[in-house]
Amino acid sequence: MFHGTITEELTSHEEWSHYNENIREGQKDFVFVKFNGLHLKSMENLQSCISLRVCIFSNNFITDIHPLQSCIKLIKLDLHGNQIKSLPNTKFWNGLKNLKLLYLHDNGFAKLKNICVLSACPTLIALTMFDCPVSLKKGYRHVLVNSIWPLKALDHHVISDEEIIQNWHLPERFKACNHRLFFNFCPALRKEKMKHSEV
């Protein structure tokens with residue numbers, strides 16, 4: 001197990017050994033990468049992966065995600081369980097025009113204004129922020145739901161019309177976070193079907 005950079009991991013980790021030949025030839029344009037729980041601290045070598053569509057970088061020690069700025073084809077980005085405390089500016093998120101799924105739960109976000117930059121992400125439909133300090137703030141769901149217009153689900157629940165339209169009182173089954181609106185959009189996938197299921 002490595003505690004360093006992506007390059008060390010890609011060239012040495014047994015799960016990725018079949019990619020060694022491609023790396024040596026300079027072909028770094030992966031469509032899918034998964035670096036889960038490898039104690040990585042940096043993402044700097046991902047900036048050359050311009051064809052990347054699915055990036056799973058969960059349970060590491062990542063604090064800065066700016067290297068993903070050139071990965072403009074991203075559809076799914078899983079960064080849960082890292083040490084991220086702030087997000088890049090709106091220009092970064094506006095450049096990710098295909099991003100639909102973003103998993104940021106279990107990170108160190110503490111201020112609502114730091115996560116409102118996600119409103120610039122034009123196609124984001126599902127977001128997780130639970131187990132972050134910001135999720136305990138009053139009005140957390142209301143602020144995110146009303147600032148990220150395309151959002152359809154937040155923290156395992158489909159967004160209710162009652163959350164979008166103020167002072168509209170609906171029957172219990174349509175209220176925010178009702179058990180009928182529960183939707184697990186980030187289930188754990190089995191290892192052998194991971195790549196095919198994700199892509």
Side-chain angles (χ1 to χ4, degrees), residues 1-111 114-124 126-134 186 188-189 191 194-195 197-199:
M1 182 164 305
F2 288 93
H3 303 282
T5 65
I6 296 171
T7 303
E8 291 173 327
E9 188 59 39
L10 282 174
T11 56
S12 303
H13 195 268
E14 62 188 61
E15 287 185 46
W16 293 92
S17 61
H18 60 282
Y19 286 120
N20 284 349
E21 297 160 16
N22 289 341
I23 292 169
R24 289 187 193 112
E25 295 171 13
Q27 298 174 355
K28 297 180 184 176
D29 293 336
F30 297 116
V31 174
F32 173 89
V33 293
K34 179 185 177 215
F35 295 106
N36 179 30
L38 298 173
H39 307 286
L40 297 173
K41 297 176 184 174
S42 173
M43 304 178 88
E44 82 268 356
N45 287 43
L46 279 183
Q47 55 196 335
S48 63
C49 298
I50 58 172
S51 297
L52 194 61
R53 293 179 186 267
V54 177
C55 180
I56 301 173
F57 233 90
S58 56
N59 299 312
N60 286 294
F61 297 113
I62 303 300
T63 57
D64 180 25
I65 63 169
H66 282 91
L68 292 172
Q69 188 166 7
S70 60
C71 303
I72 59 171
K73 294 182 181 179
L74 272 174
I75 295 171
K76 176 182 178 178
L77 179 57
D78 185 349
L79 296 167
H80 83 269
N82 280 288
Q83 297 177 351
I84 306 166
K85 293 184 179 177
S86 65
L87 293 172
N89 61 21
T90 54
K91 183 180 177 185
F92 174 94
W93 297 106
N94 192 39
L96 299 178
K97 301 210 181 291
N98 299 314
L99 187 64
K100 296 186 182 309
L101 306 172
L102 180 59
Y103 306 151
L104 294 173
H105 57 278
D106 196 19
N107 273 289
F109 303 109
K111 296 181 180 178
N114 289 341
I115 57 174
C116 284
V117 294
L118 294 173
S119 64
C121 199
T123 58
L124 186 65
L127 171 67
T128 62
M129 297 284 295
F130 61 89
D131 291 339
C132 293
V134 73
C186 56
L189 295 173
K191 188 175 181 180
M194 176 65 84
K195 182 180 176 189
S197 298
E198 291 293 337
V199 175

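Since this is a predicted model, take the numbers as computed values, not measurements.
Here the CG atom belonging to L40 is positioned 9.5 Å from the CZ atom belonging to F61, to the nearest 0.5 angstrom. Separation of atoms CE (M129) and CG (D106) is listed at 11.5 Å; rounding is to 0.5 Å. Once rounded to the nearest 0.5 Å, the distance linking CD1 of I50 with CD1 of I72 reads 7.5 Å. Rounding to the nearest 0.5 Å places CD1 of I75 at 10.0 Å from CG of L52. Distance check, rounded to the nearest 0.5 Å: CG of N59 to NE2 of H39 gives 9.5 Å.
Side-chain N or O atoms of N82 include one that pairs as donor or acceptor with a backbone N or O of N60 at under 3.5 Å. In this structure, the side chain of T123 engages the main chain of K97 through a donor-acceptor pair within 3.5 Å.
Shortest non-hydrogen contact noted between C71 and C49 is SG-O, 3.5 Å. Looking at every heavy atom in both residues, W93 comes nearest to N89 through CD1-O, 3.2 Å. Shortest non-hydrogen contact noted between F32 and I56 is CE1-CD1, 4.2 Å. Taking both residues in full, the closest heavy atoms of M43 and I65 are given as SD-CG2, 4.0 Å, listed atom of the first, atom of the second, then distance. Between N107 and P133 the shortest heavy-atom distance is O-CD, 3.5 Å. Contact record, P122 with L96: CD-O, 4.0 Å, taken as the closest heavy-atom pair.
With sequence neighbours left out, the side chain to side chain contact (heavy atoms under 4.5 Å, CB included) criterion links T63 to Q83. Residues passing the side chain to side chain donor-acceptor pair (under 3.5 Å) test with D78 are H80, sequence neighbours excluded.
When the options V134, L127, L104 are evaluated for a side-chain contact (heavy atoms from CB on, under 4.5 Å) with I115, the one that passes is V134.
Side chains of C121 and L102 form no contact here, defined as non-hydrogen atoms less than 4.5 Å apart. Taking the side chain as every heavy atom from C-beta outward, L87 and F92 never approach each other to under 4.5 Å. A heavy-atom distance below 4.5 Å is not found between the side chains of L68 and F57.
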Between N36 and S58, is the side-chain hydrogen bond (donor to acceptor under 3.5 Å, both in side chains) condition met? List the steps. CA-CA 5 Å; N36 179 30; S58 56; 2.8 Å; yes
